[in-house]
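Have a look at the structure below, then the notes.
Reminder, nothing fancy here: chain letters follow the sequence lines and each chain counts from 1.
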Amino acid sequence: MLNIAKAIVYREISWFKRFLPDYVVSWILPLAFSLGVVFLPATLSSPTAVIKNMSILFGVEMDLKTAYSIALILTGIINVVAMTVNDVMQTLFTEFRFMEVGSMILEATSLVKYIALNAILRPLLMTPLATVYMAPLLLYLNGIDGFTEFLIVEAILVLTSVVLGLYATIFAIPLTFHTSVSRPWTIANILAPAILAGTGIYIPVELVPLALRLIALTTPVPETCKVLYVIASKGFSQVLLTFGAVLAFFTTLYIAFSGLLSKSAEIRVRRG
Amino acid sequence: MRGIVVKDVRKSYVSKEGFRKKRVVEALRGVSFSANSGEIHALLGPNGAGKTTLVKILATLLLPDSGIAYVEGYDVVSQAEEVRRIIGVVLDVSKGFYTSLTGFENLVFYAMLKGYSYSDARKRAKDVLELVGLWGMEAHNRPYYAYSLGMRARLSIAKALLTNPSVLLLDEPTLGLDVESAKMVRRLIGDLAKEGRTILITGHNMFEIEQIATSISIINSGRIVASGTPRDLKQRLGLLHRVVIRVEGASKEFLYRISNSVRISNVIVEELGGVSKIVFYAKAGREEVIQSVLEALRLVNARMIDFVFEEPTLEDAYIAVVSGGYSAEHS
């Protein structure tokens, strides 16, 4: 297992070096989005009115810095959900259906081990790389407390992305090995926004259709958002314990599911 | 039980045709053959004959429906891990690598998957890239998508050699290569066999196979229809030799005399300015034909200008086997 993990880490680092410009774009866009969350509605009213509304929404008195910190952290979860779901699904599909590196992998190891490690390690490595833009901004806004906040947020995002990685393989394995679908991104492009919308990130969750809320509830993202809001507005809280329990539940569930599916995929691939 | 041993291996696929219709395709229908250690065994056959399926089974990438196959004494089904440790595989030289990684990075990744440490993987990748001539071309630093087909084939061979395997399974390793690259690959394969490695190679280039293979199996419609050394195969098939002679004068008499001593067929005679070009086919060997030609020349007092005796090629044998209904029972 360790050698497969090392190989995947090596490949990810090589990819990161090659795709650094893509990451730069993924750092710039959320910054614009987070500024938009606070300042775009302010063009229709005033910054004070926006901050007042946000204070009511989150149930805590806040200033402009806190409001912007919440908006910034919000972009982190958007980034992580979109990136993890898309990346895990598309990478597995591309590896086996387009580049056909399947034989290189199967010559060296079992599909079960490879898929499980890939689903865990890729989000583990990519999440910090994709959300590192938050660190200097939070440090600037809140000083050393802001950096501590970043570390806690990062840990939560990394754990969430690992569960999402396993979750995404549940869709990726049937798509890659059991169907003749040729455009997996259509599924990923629906799934990621559905999870985010169902969590209530774009509009208040009470206004979100039940179907989307149900999709979101199959992931830890709603719980992650709750935790992130609390941390951004109030600091450390008991809500972290609930989050931990939810995360543990989903991790166990999806590791089991993903393992069963990849085992069936391995049998199918080796039987031809 | 060294080398490769395949006994009565069968493999069927279910091929989907349309939305619901399925068709069972019998890729292998009881294939048996063996390749000794240190031998270059060629597996020949038309497209769809089952060559790649057999290579994939030996590479543990596919499970056979029935039958057994051993690589260096290890069962490819129950001892797949051991088999993977001692084989190097080339399958479809045009793909099989990460397109955005360089050739070097692809090899390091593969070596690490195989259990090499980072530094050993880098060293080994450099060694094999040098061996196939990609290091010198600075190609190791280019992304795989920028590789030409020849470079991709070399990289596939480098990957197969990465773990220093004792058995190489090469599925059409020179497909699409330019003359120079193909020659380099042939020389490399020959050198590897001299080091004692067992090599199973498939291909369609008969000239190439005849040059490097020490034994051959011809597979057709999922069955081995002939096997042996290239020379055995040609002899067993009773293929005719092509003889071309140019003589001055008395061609008819000359031919009559030859046909008295050796059996000839498909005779073509072309007359041009007193010189006759005679082409015929004979089953007899070189010495026997030469002797009768010389005897005939002496008797009719003709003068020979040119004499060519062509051995049947592997291509002739292959065509005779594949299109002529020759079956394994004959061999």
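For chain A, no part of B:T53 is nearby; none of its heavy atoms comes within less than 4.5 Å. Of the atoms belonging to B:L91, it is side-chain heavy atoms, and not backbone ones, that fall under 4.5 Å from chain A. For B:K56, no part sits under 4.5 Å from any heavy atom of chain A, backbone or side chain. Interface remark: A:I105 contributes backbone and side-chain atoms alike to the contact with chain B (heavy atom separation under 4.5 Å). The contact between B:Y118 and chain A is made entirely by side chain atoms (from C-beta outward), counting heavy-atom distances below 4.5 Å.
B:R84 and B:E81 are joined by a salt bridge, as a carboxylate oxygen and a charged side-chain nitrogen come within less than 4.0 angstrom of each other.
Side-chain N/O atoms of A:N189 and A:R183 include no donor and acceptor closer than 3.5 Å.
Heavy-atom pairs under 4.5 Å with chain A peak, among B:P143, B:A27, B:G115, B:G96, at B:G96. Highest contact tally toward chain B, considering only A:K6, A:K17, A:R18, is held by A:R18 [criterion: heavy-atom pairs under 4.5 Å]. Chosen from B:Y110, B:Y116, B:Y98, B:F109, the residue pairing most often with chain A at heavy-atom distances under 4.5 Å is B:Y98.
Taking CD of B:E172 as the start and OG of B:S94 as the end, the distance is 10.5 Å to the nearest 0.5 Å. Taken to the nearest 0.5 Å, the CZ atom of B:F104 stands 12.5 Å off from the CG atom of B:L134.
At least one side-chain heavy atom of A:Y114 sits less than 4.5 Å from a side-chain heavy atom of A:I4. In this structure, the side chains of A:V162 and A:F250 stay at 4.5 Å or more apart for every pair of heavy atoms.
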